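As the structure lists them, so they are numbered: ligands from 1, and atoms in each ligand from 1. Keep in mind that this is a model prediction, so the values were computed, not measured.
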Amino acid sequence: MRLAQPPDSDAILNVRHLNVRFGGQHILENISLDLYREQVVTLIGPNGSGKSTLVKTLIGAVRPTSGQVTIAPQQRIGYVPQRLHLDPTLPMTVKRFINLPRRNPNRNVQKALEDAGAGALINAAMSELSGGQFQRVLLARALLTRPDILILDEATQGLDHRGTAEFYQHIETVRRTYGCAVLMVSHDLHVVMRTADHVLCLNRVICCEGKPEQVASSPDYQALFGDQTAQTLALYRHHHQEAANVG
Ligand SMILES: Nc1ncnc2c1ncn2[C@@H]1O[C@H](COP(=O)(O)OP(=O)(O)OP(=O)(O)O)[C@@H](O)[C@H]1O
C-alpha cells in the first residue's frame, strides 16, 4: 500500500494521488512522485501501461480525473514528444520550424541547436533530416525556453543503437549545462540503468521504484520484463564492477 505523503517542498515537481480515467477505464491509479533539480528520472513500463498519459498529464495536455500536479513557481518545462509527423511535401527549414509558433532571436536558436548537437542543421530542410537529427531538432526546440524540467516521451523511438547513445549523451550534456531535471520515458533498459538516478516502473500504478539496480532486481519488474532484465542487470553489474576495480 502507498501511504499518503505530503508534497516534498524541495521538489520542483510533485504529483500526488493522481488518477486518470478514459471512459470507464482506469489508466493511471494513485500516482505520486517527486522530481528534484538536476535529477534524472526514467519512466518504464510495458506498452499501454500509461507512460505517455502520465507525461501528458504533467505537461497539462491531459486533465487528471483526480489528484494533483504541482510545479514549483517559475519553473519552465521543455517537452520532447515521442514522434511528430510533418508533411514531407511542406518546404520548411529547421530555422523556420524552430521558430513556430513564435520567432526567437537568431542567437538563441543557434545556441539551442548547438546544445542539442544540431548546430550545423539550421538551414537544412526538415524533410531531409535523419531520425536522429529530427529528434535533436525537437530537443533544441524544447531548450529554447531554457527549461528547468525537461520531459521526453520515448524520444529515441526508431533510432538505432548509435543514434540512441548519441541522443542520450546530448541529454546528459544538456542536464549539466542547463542544470535541469530530466523526466523521460524510455524502453531502452541499458540506457535506463546507466543514466537514471531514479526509476519508476509503471503499470497503471507505480509497481516499483528506486535506484536502477533496486528496480531491476524487484520481482514486480522481473515479472514485467523477464529475461531482458537478467541480461541488462548482469551487464550493468559487470560495468560497475569494472569501474570500481579501475577506480
Ligand atoms: N485519449 C485517449 N482516450 C482513450 N484511451 C486512451 C487515450 N490515450 C490513451 N488511451 C489508452 O490508455 C492506455 C495507456 O496509453 P499510453 O499511451 O499512456 O500508454 P504507454 O505506456 O505510453 O504505451 P506505449 O509504450 O505503447 O507508448 C492505453 O490503453 C490507451 O489505449
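For the residue pair Ile44 and Val199, the shortest heavy atom distance occurs at CD1-CG1, 3.7 Å. Of all the heavy atoms in Phe167 and Ala155, the pair that sits closest is CE2-CB, 3.7 Å.
When the heavy atoms of Asn203, Thr57, Thr53 are ranked by distance to atom 15 (O) of ligand 1, first place goes to Thr53.
To the nearest 0.5 Å, atom CD1 of residue Ile171 and atom CD of residue Glu166 are 13.0 Å apart. How far CD1 of Ile206 is from CG of Leu28: 9.0 Å, rounded to the nearest 0.5 Å.
Of the charged side-chain nitrogens involved, at least one lies within less than 4.0 Å of a carboxylate oxygen, so that Asp34 and Arg16 count as a salt-bridged pair.
Looking only at side-chain heavy atoms (C-beta outward), Val137 and Leu129 come within less than 4.5 Å of each other.
What sits closest to atom 17 (O) of ligand 1 on the protein, heavy atoms only, is Ser52 CB, 3.6 Å. Of the protein's heavy atoms, Phe22 CE1, 3.4 Å lies nearest to atom 8 (N) of ligand 1. Counting protein heavy atoms only, atom 29 (O) of ligand 1 is closest to Gly48 O, 4.3 Å.
Within ligand 1, the atoms closer than 4.0 Å to a non-hydrogen atom of Gln82 are 27 (O), numbered from 1 in the order shown. Set against the non-hydrogen atoms of Ser49, the atoms of ligand 1 under 4.0 Å away are 19 (O), 20 (P), 21 (O). Close approach of ligand 1 to Lys51 (heavy-atom distance below 4.0 Å) involves ligand atoms 18 (O), 19 (O), 20 (P), 21 (O), 22 (O), 23 (O), 24 (P), 25 (O).
By the 3.5 Å distance cut-off applied to N or O atoms, Asn47 is counted among the residues near ligand 1. Between Ile27 and ligand 1, no N or O atom pair is found at a separation short of 3.5 Å.
Residue contacts with ligand 1 include Gly50, since one or more of its heavy atoms lies under 4.0 Å from the ligand. Under a 4.0 angstrom heavy-atom cut-off, Pro46 registers as being in contact with ligand 1.
By the definition of a contact as any protein heavy atom under 4.0 Å away, atom 22 (O) of ligand 1 is in contact. Within the 4.0 Å cut-off (strictly below), a protein heavy atom is located near atom 2 (C) of ligand 1.
A donor-acceptor contact closer than 3.5 angstrom is absent between the side chains of Thr93 and Asn123.
Within 6.0 Å of NE2 on His26 lie more than 12 heavy atoms contributed by other residues, nucleotides or ligands. The 12-atom threshold is exceeded at CZ of Arg76, counting heavy atoms of other residues, nucleotides or ligands nearer than 6.0 Å.
With a heavy-atom cut-off of 4.0 Å, His187 touches ligand 1 through its side chain alone.
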